[in-house]
Amino acid sequence: MKISLTVNGRKKEFDIDPMKRLLDVIRDDFGLTGTKESCGEGECGACSVLMDGKPVTSCIVNAVHADGKTIETSEYLAELPLGKLLVDCFDETNAVQCGFCFPGFLVAAYYYLHNDGEPNLEKIKFALSGNICRCTGYIKIFEAVMVACQRKKAGEL
Amino acid sequence: MRFFKPSSLPELFLTMENFEGEKYFLAGGTDLNIQKKKNLLQDRPVFYINHLTELKGIRELHEDILIGSLTSFREILDSQLLNRKLPFLQNSLAYFASPLLQTMATVGGNIANASPTADILPLLLVLDARVKLLSKSKFRELPISEFYLGYKQTILKSNEIIGGIIIPKTAETGFQTYYRKVGSRKALTIAKLAFAGLKKTEQNNIKIVKIAVGALNEFPRRLRKLEELITGKYTEDLKSDELRKILESEITPITDLRSDSDYRFEVTLNLLLEFLEE
């Protein structure tokens, strides 16, 4: 089936299996390996990307769902002002250990920071509740996002 | 795999006519893709429907709210209309799956997948929702309580799809509402059990009561015998032993990887008591 989609500003048209996972399209067809596969069942959030601005787990989204849509991955978001702010805050609080889950955390945190951004711990926890990290105890991750929200609110961005 | 992406609802029904028997419908894909990953998909045609705008959105009708079957849980949670008219339904679904899955998962999918633990079902049951089923030239409407026939079995015919859910605008009006989903964590949990209740009381006398549970039978259901026992009684006159006996006859909790039958039963009884005393 003919499918066209835009990933990180690059538009491509393919003739591919409509059931192919969006995750595989991003990694294999676009060569973007920042988006990770972990559980493969939508439960861990490692494969999160934004589709038309909304966060989805790309391991259970099919190519046909993405037809005509705009996809933004962690590589792209990390270069935007709010993404850079988040990466700085993750660094400062030492939130990252092995790092495998982090592209997903960046996408979920970016979505929250961009669309709400209130420095409220309960809301931040909820926004990140679809992402699992097996190294840390989440505290430093929440801290990082909290600091990013405070800085955004203070008008640093 | 035979895969179809019809351009409209009429075209979907036309294409479906060429295939007897069971079909897969790909909406948000949050259930179907798990089955695919586990190699559980059988050789059946797949119909992609998620782009059919005819079945999307939340609309206000004369006396009801219509939720199209392809409405996502994100749309439910963001809806101003539901916030005004059915806030209990909206608030109770905040912990549906996870914020990431809420983007794709659809109401119709949650119903059609026919899981005994489907989150939206206990809520729809106490709100007296009706389900609209569409086929090529007909539609029928029936109470959601009549949609399931057995474990993973529904009343849907092979030429039918779920068009939407219809809920009376006043379904929550004047009721005290109660919803608990019991799982091992808040997000991304499959319910060990779920309990939804509505009641109207006057000076402790329970005038109207509606109770539905999930994950405690082959499919989510209203507990009519329990409702009958409770209606017209004063809260203080309801004996725990009596409630226990009726509950034993109405739910059949099982032991599986998520919980065991004793735990499920006792927690249900405790939630029932909490609901009645609140």
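In what follows, every chain begins at residue 1, and chains take the letters A, B, ... in the order their sequences are listed.
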- Check whether A:Asp17 gets within reach of chain B through its side chain, its backbone, both or neither, counting any heavy atom under 4.5 Å. neither
- chain B contact via A:Cys47 - side chain, backbone, both or neither, heavy atoms under 4.5 Å: neither
- Could you check if a side-chain atom of A:Ile60 sits within less than 4.5 angstrom of a side-chain atom of B:Leu101, using non-hydrogen atoms only? yes
- Can you find a heavy atom in the side chain of B:Leu100 that is under 4.5 Å from one in the side chain of A:Asn131? yes
Does atom [atom1] of [X] have more than 12 heavy-atom neighbours from other groups under 6.0 Å away?
X	atom1	result
A:Tyr138	OH	yes
B:Lys152	NZ	yes
A:Lys12	NZ	yes
A:His114	NE2	no
A:Arg134	CZ	no

Locate the shortest heavy-atom distance separating [X] from [Y]; write the atom from each residue and the value.
X	Y	result
A:Glu41	B:Ile34	O-CD1, 3.2 Å
A:Val64	B:Leu26	CG1-CD2, 3.9 Å
A:Phe126	B:Ala94	CZ-O, 3.2 Å
B:Lys36	A:Met19	NZ-O, 3.5 Å
A:Glu43	B:Leu188	O-CD1, 2.8 Å
A:Gly130	B:Pro99	N-CD, 4.1 Å

Nearest 0.5 Å, what's the [atom1]-[atom2] distance between [X] and [Y]?
X	Y	atom1	atom2	answer
B:Tyr48	A:Asn62	OH	CG	8.0 Å
B:Thr103	A:Leu50	OG1	CG	9.0 Å
A:His65	B:Asn50	NE2	CG	4.5 Å
A:Ser58	B:Met104	OG	CE	11.0 Å
A:Lys54	B:Asp78	NZ	CG	7.0 Å

- Against chain A, label B:Ala27 side chain, backbone, both or neither, depending on which of its atoms sit under 4.5 Å from a heavy atom there. backbone
- Message: Taking every non-hydrogen pair under 4.5 Å, which of A:Ala127, A:Ser129, A:Pro55 racks up the most with chain B?
- Response: A:Pro55
